[in-house]
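Sequence lines set the chain letters: A, B, ... in the order given, protein chains first and strands last, and positions in each chain run from 1.
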Amino acid sequence: MEYNFKEIEKKWHEIWNESKAYKTEIDNSKPKFYVLDMFPYPSGAGLHVGHPLGYIASDIYARYKRQKGFNVLHPMGYDAFGLPAEQYAIQTGQHPAVTTNANAARYREQLDKIGFSFDWSREFKTCDPDYYKWTQWTFIQLFNHYYNKKEEKAEKIEKLISQFEKSGTENVTAAETKPLTFTAAEWNSKTEDEKQEILLNYRLAYIAETWVNWCPKLGCVLANDEVVNGLSVRGGFPVERKLMKQWILRVSAYAERLLRGLDTLEWSDSLKEIQRNWIGRSEGAFIRFNIENKEETLDIFTTRPDTIFGVSFMVLCPEHALIEKITTADRKTEVENYVTWARNRSETERQADVKKVSGVFTGAYAVNPFTGERVPIWVAEYVLAGYGTGGIMAVPAHDSRDYAFAKHFQLPIREVIAGGDIEKEAFETKDGTVINSDFINGLTVKEAGKMIIEKVKEKGIGYGTVNYRLRDAIFSRQRYWGEPFPVYYKNGYPYMLDEQELPLLLPEVDKFLPTETGEPPLARAANWKTKEGYPLETCTMPGFAGSSGYYLRYMDPHNDKEYFSKEANQYWQDVDLYVGGAEHATGHLIYSRFWNKFLFDIGLACKEEPFKKLINQGMIQGRSNFVYRIVGTNKFVSLGLKNEYETQPIHVDVNIVSNDILDIEAFKNWRPEFADAEFILEDGKYVCGWEVEKMSKSKYNVQNPDDLVEKYGADTLRMYEMFLGPIELAKPWDTNGIEGVFRFIKKFWRLYHDAQNNFAVTDDAPTKEELKILHKTIKKIEEDNEKFSFNTAVSCFMIATNELTELKCRKRAILEPLAVLLSAYAPHIAEELWHLSGHTDSVLTANFPIFNPEYLVENSFTYPISFNGKVRFQKEFPADMSPKEIEAAVLADENAARWLDGKTPKKVIVVPKKIVNVVI
RNA sequence: GCCGAAGUGGUGGAAUGGUAGACACGAGGGACUUAAAAUCCCUUGCCCAUUGCGGGCGUGCGGGUUCAAGUCCCGCCUUCGGUACCA
């Protein structure tokens with residue numbers, strides 16, 4: 001039979017499907033292995049060749065691990081809530097669930113064609129009520145817990161309440177929004193509403209006012225990149241900054257654990273570094289400054305307490321609550337104008353002119369606790385509300401931003417660290433000696449910092465502390481297509497629904513737009529309230545809600561009593577291998593880790609970190625082709641001649657270009673305006689130019705995997721995607737090379753067949769040489785699989801196939817193990833050959849061949865002989881010859897005499913099995 | 001600006017400090033064929049020599065360590081990611 005991939009692939013898809021070949025169940029007799037892909041958002045455009053790259057890699061690894069005796073969990077599903085479906089719904093009126101389901105079905109169809117070993121019985125979408133019930137459930141748990149910083153774990157809010165009842169805030173070590181102090185008596189005399197208000201300061205899911213980009217015309221909160229120059233991208237309506245009540249997750253409470261946990265993970269260093277920077281741990285001190293003639297005090301955070309003698313002004317962020325209280329009457333108008341202006345600037349706008357210095361003096365003065373000096377308090381945009389206390393002590397001599405500000409407003413610059421030239425620029429080094437600073441003079445920066453922290457502690461005006469850049473995550477979206485919050489309001493305070501009332505289903509609405517009064521779409525739902533008549537929350541959860549814990553649900557996806565059973569979690573534990581893009585480094589991969597740590601704290605998840613090993617597959621870029629039209633004509637000139645004319649490059653569909661040669665007929669039919677195009681050719685061909693760009697429809701460089709499967713088969717596509725290059729590298733998609741892999745697959749097929757195309761594997765005993773080829777291959781494939789070096793593994797298969805073809809080896813003892821090795825990469829052809837060879841079970845359950853080093857033992861070895869590092873000739877020696885003997889034999893060689901030229905060598909270096917170098 | 005990664009033929013890319021360019025594409029030449037497809041063989045980093053050998057130069061740039069450097073060290077350049085008034 002000839003190699004007919006269409007028949008073979010179709011046949012095996014049906015058989016695998018019917019026999020549920022990839023269904024996985026708990027099996028305590030085998031070690032578990034959990035291989036997971038970042039599940040896709042099913043967009044309307046379908047898959048392009050970039051999407052399956054990671055899935056193929058993880059599939060190869062999953063199949064490999066199965067053959068190594070592991071019970072492999074390899075599930076797939078869809079991240080289905082999100083903006084595109086909602087926007088499509090707004091335009092067409094079609095319910096987002098309808099488009100989402102249609103898109104998911106199309107994804108499934110495309111994925112199935114590639115032959116993945118997913119256990120589809122575990123599939124779910126994040127928008128399935130059976131699933132989002134547990135997203136809502138987890139939210140309730142977050143609301144009902146706070147973070148105990150001393151114990152470093154989440155604890156029940158009841159514990160905090162009983163502490164308040166007994167001793168107020170004394171000895172409370174809870175992560176909080178702002179520091180509060182009250183006694184037990186004070187707490188006990190508070191009303192229910194007041195207590196609820198206070199508890200929001202501690203809950204892990206809390207509601208609070210935050211600044212958002214509000215577009216009154218759209219009735220909608222916009223993300224930063226949806227706002228340009230103060231106008232909405234969609235519609236161009238004015239956008240203002242507004243304080244709005246939003247749900248927030250106290251991710252920052254876990255900052256330290258998120259940071260420390262990184263050390264236990266097998267992730268790439270660069271990805272860990274991105275997360276470390278994002279968490280942004282910095283050590284420093286909180287210091288309290290008194291304000292002249294005021295009761296209020298000004299708290300600041302600094303990483304440089306050692307420079308406190310260099311403070312020449314203080315700066316507050318425009319949002320700071322103190323501004324109103326301390327601004328003097330004569331400065332009031334100016335300060336108010338500045339604050340209003342600054343507050344209404346979007347973050348993007350602020351970022352756009354970071355270099356521009358702006359600010360205003362409040363008229364008030366703080367008092368330096370060490371010198372007693374009056375220090376003017378300013379307000380400026382460059383101090384951010386979300387970090388530290390929103391106020392700083394400015395030391396212009398040793399901070400470039402303070403320096404720019406001081407120069408601009410002609411404030412004093414006082415040098416307190418020796419070694420810089422503060423006339424020119426700020427001297428920001430952290431190794432230096434302190435000067436002009438009273439009792440810390442002569443100390444190093446480090447020592448001085450410690451000393452100041454001790455002193456402020458003594459004075460009771462501050463303490464050493466650690467601050468993080470990581471912000472709490474805003475969890476409310478004024479949208480329709482997301483999980484509804486299991487929340488209702490009483491007297492304006494939020495309360496959670498009972499667990500029995502979950503899932504709280506997404507209600508039907510007449511339109512997916514905000515209401516006329518600017519409320520979110522859920523406010524349109526009839527009867528959006530509890531049985532008792534309390535109003536329900538109208539916001540929905542953001543995209544990352546559903547993806548934060550989906551990997552846990554795959555362990556036990558149909559459980560209607562729990563998120564997942566203890567038994568399933570004990571068995572599957574955590575994800576051993578997670579494959580996905582690095583673009584999730586500061587989003588999903590932080591939120592998931594937070595989510596998992598919380599579930600670990602409350603005793604649900606048995607592992608603290610969800611993803612043990614992570615591989616980031618590189619982005620697949622597009623490779624666009626261009627034709628060059630001579631300006632003002634409909635004449636196109638081939639690439640090599642284009643410089644002789646004035647031309648304009650035009651994107652041309654890559655599907656009508658092969659090896660950069662344009663299919664002229666197809667081009668004429670491509671678009672009507674090219675029907676009568678003329679061409680200036682090179683050697684009778686039209687050569688196109690090319691460029692690497694993002695893969696997109698408008699650039700006509702999208703490759704659809706379906707087309708390639710149709711033309712070459714899934715096995716070829718799978719192997720070619722791996723052959724392209726290292727999995728982690730970003731690389732352009734170039735279909736040109738796929739023929740080479742296709743040839744290999746056909747050649748591999750012929751290895752098992754005779755000239756008449758009959759299956760012709762024999763039971764003859766293999767030769768030493770053939771065994772050597774096999775075992776060399778087993779060794780290399782195993783190593784490459786473990787290293788995720790799938791591109792070199794494909795090359796290794798090609799070499800082995802070429803060598804065995806050369807030897808006309810058609811022996812079962814060689815070819816069967818080879819088919820097993822290949823089955824992870826090209827499952828269809830391997831399965832077919834396996835069955836032709838007489839097996840009735842699936843190659844999926846075959847054991848990975850065992851490498852035997854004895855077959856690789858050499859009886860002689862050819863050494864390159866170099867003189868002063870330059871290789872001059874080669875010589876063969878028995879493999880068991882000692883280095884000393886080799887040395888003697890080399891020097892006795894007649895070739896050596898020529899290079900030695902009568903001199904005695906200074907030294908001879910013999911590197912066993914590598915090289916002999918003679919130093920003259 | 002800061003952090004991270006990477007620079008190797010016409011192209012994608014191989015090389016535990018040990019013969020750089022495996023493997024593949026493309027290109028050129030040839031075999032088979034009426035022809036095409038498919039398949040197979042040879043050449044293919046650059047320069048000189050080419051009737052046989054052969055020789056020189058080559059991994060972004062400049063230094064260094066070493067018998068030996070694409071690989072290690074120092075100083076640059078370029079590209080790509082992340083981040084950006086984080087005190």
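Using the six-membered ring where Trp is involved, A/Tyr720 and A/Phe723 have ring planes that are tilted, between 30° and 60° apart. Classified by interplanar angle (parallel below 30°, tilted 30° to 60°, perpendicular above 60°), the ring pair A/Tyr591/A/Phe544 is parallel. Ring geometry for A/Tyr712 against A/Phe742 counts as perpendicular: the plane angle is over 60°, on a 0 to 90° scale with 30° as the lower cut.
To the nearest angstrom, C1' of B/rC3 lies 9 Å from CD1 of A/Ile274. In this structure, the CZ atom of A/Arg469 is 11 Å from the C1' atom of B/rC3, given to the nearest Å. As rounded to whole Å, 18 Å separates atom P of B/rG82 from atom CG of A/Asp269. Atoms CD1 (A/Ile727) and P (B/rA5) sit 20 Å apart, rounded to a whole Å. Rounded to an integer number of Å, the gap from A/Met722 CE to B/rG13 C1' is 15 Å. Between A/Ile308 atom CD1 and B/rA87 atom P the separation is 17 Å, expressed in whole Å. Here B/rC23 presents its C1' atom at 12 Å from CD of A/Glu803, a figure rounded to the nearest Å. Distance CG (A/Asp734) to P (B/rG13): 10 Å, rounded to an integer number of Å.
Residue A/Asn467 places none of its side-chain N or O atoms closer than 4.0 Å to OP1 or OP2 of B/rA87. Between B/rC25 and A/Arg743, a contact under 4.0 Å exists linking OP1 or OP2 to a side-chain N or O. For the pair A/Lys746 and B/rU39, the criterion of a side-chain N or O lying under 4.0 Å from OP1 or OP2 is met. Dashed line: the shortest gap from a side-chain N or O of A/Lys747 to OP1 or OP2 of B/rC40 is under 4.0 Å. In this structure, A/Tyr387 reaches the B/rA87 phosphate: one of its side-chain N or O atoms is under 4.0 Å from OP1 or OP2. Taking 4.0 angstrom as the limit, A/Lys907 places a side-chain polar atom (N or O) nearer than this to OP1 or OP2 of B/rC67. Put simply, A/Ser282 has a side-chain N or O that comes within less than 4.0 Å of OP1 or OP2 on B/rA87.
For A/Tyr382, taking side-chain heavy atoms from C-beta onward, the closest of the listed nucleotides B/rC3, B/rC85, B/rA87 is B/rC85. Nearest to the side chain of A/Met798, among B/rU39, B/rC23, B/rG13, sits B/rC23. When distances run from any side-chain atom of A/Arg898 to the nucleotides B/rC23, B/rU11, B/rG55, the shortest one goes to B/rG55. Out of B/rC23, B/rC57, B/rC67, the shortest distance to the side chain of A/Ser795 is found at B/rC23. The nucleotide whose nearest atom lies closest to any side-chain atom of A/Leu724 is, among B/rG13, B/rC85, B/rG12, B/rG12. Among the nucleotides B/rU19, B/rG13, B/rA87, the one closest to any side-chain atom of A/Ile915 is B/rU19. Closest approach to the A/Val871 side chain among B/rU19, B/rC85, B/rG4 is made by B/rU19 (side chain taken as heavy atoms from C-beta onward). When the nucleotides B/rG18, B/rA87, B/rG56 are ranked by their closest atom to the side chain of A/Asn917, B/rG18 comes out on top. Comparing B/rG18, B/rA87, B/rA84 against the side chain of A/Trp278 picks out B/rA84 as the nearest. When distances are taken from the side chain of A/Leu729 to each of B/rA22, B/rC25, B/rG13, the shortest belongs to B/rG13.
Contact annotation for A/Asp660: no contact, since no heavy-atom pair falls under 4.0 Å across all strands. In this structure, A/Glu739 reaches neither bases nor backbone, as no heavy-atom distance under 4.0 Å exists between it and the strands shown. Across all strands, A/Lys906 comes closer than 4.0 Å to no nucleic acid atom at all (heavy-atom distances).
For the pair A/Met393 and A/Arg623, nearest-nucleotide mapping onto RNA chain B gives the more 5' position to A/Arg623. Of the residues near RNA chain B, A/Pro726 and A/Arg750, the one whose nearest nucleotide (by heavy atom distance) lies more toward the 5' end is A/Pro726.
Pairing for B/rC53 is absent, judged as Watson-Crick or G-U wobble with the two contacts each under 3.5 Å. When both pairing distances are held under 3.5 Å, B/rA38 makes no Watson-Crick or G-U pair with any nucleotide shown. Shown here, B/rG1 forms a base pair with B/rU83; the pair counts as Watson-Crick or G-U wobble because both key distances fall under 3.5 Å. Nucleotide B/rC32 forms no Watson-Crick or G-U wobble pair with any nucleotide shown, as no partner meets the under 3.5 Å limit on both distances. The partner of B/rU11 is B/rA24, judged by Watson-Crick or G-U wobble contacts that both fall below 3.5 Å. When both pairing distances are held under 3.5 Å, B/rG75 makes a Watson-Crick or G-U pair with B/rC61.
Nucleotides B/rG64 and B/rG55, compared at atom C1', are 29 Å apart to the nearest Å. Going from the P atom of B/rC73 to that of B/rC25 covers 37 Å, rounded to whole Å. Using atom P as the reference point in both B/rG81 and B/rG10, the two lie 25 Å apart (nearest Å). For B/rC72 and B/rG18, the C1' atoms lie 14 Å apart once the distance is rounded to whole Å. Remark: the separation of the C1' atoms in B/rU8 and B/rC3 is 26 Å, to the nearest Å. The same atom, C1', is picked in B/rU66 and in B/rA6; the two are 26 Å apart, to the nearest Å. Annotation: B/rA38 and B/rU44 have their C1' atoms spaced 24 Å apart (nearest Å). Nucleotides B/rU19 and B/rA14, compared at atom C1', are 15 Å apart to the nearest Å.
Syn is the glycosidic conformation of B/rG9, whose angle stays within 90° of 0.
Under 4.0 Å is where a charged nitrogen must lie from a carboxylate oxygen, and between A/Lys685 and A/Asp660 no such pair does. By the 4.0 Å N-to-carboxylate-O rule, A/Glu783 lies too far from A/Lys780 to be salt-bridged with it.
In this structure the side chain of A/Leu411 reaches within 4.5 angstrom of the side chain of A/Trp378, judged on heavy atoms.
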Task: Derivation and outcome, side-chain contact (heavy atoms from CB on, under 4.5 Å), residues A/Met38 and A/Leu589 - done: CA-CA 10 Å; A/Met38 289 186 188; A/Leu589 288 173; 4.1 Å; yes

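Atom CZ of A/Arg288 sits in a sparse spot, with 12 or fewer heavy atoms from other residues, nucleotides or ligands closer than 6.0 Å.
The side-chain tip of A/Arg593 does not point at the ring of A/Trp278 from less than 6.0 angstrom away and within 45° of straight on.
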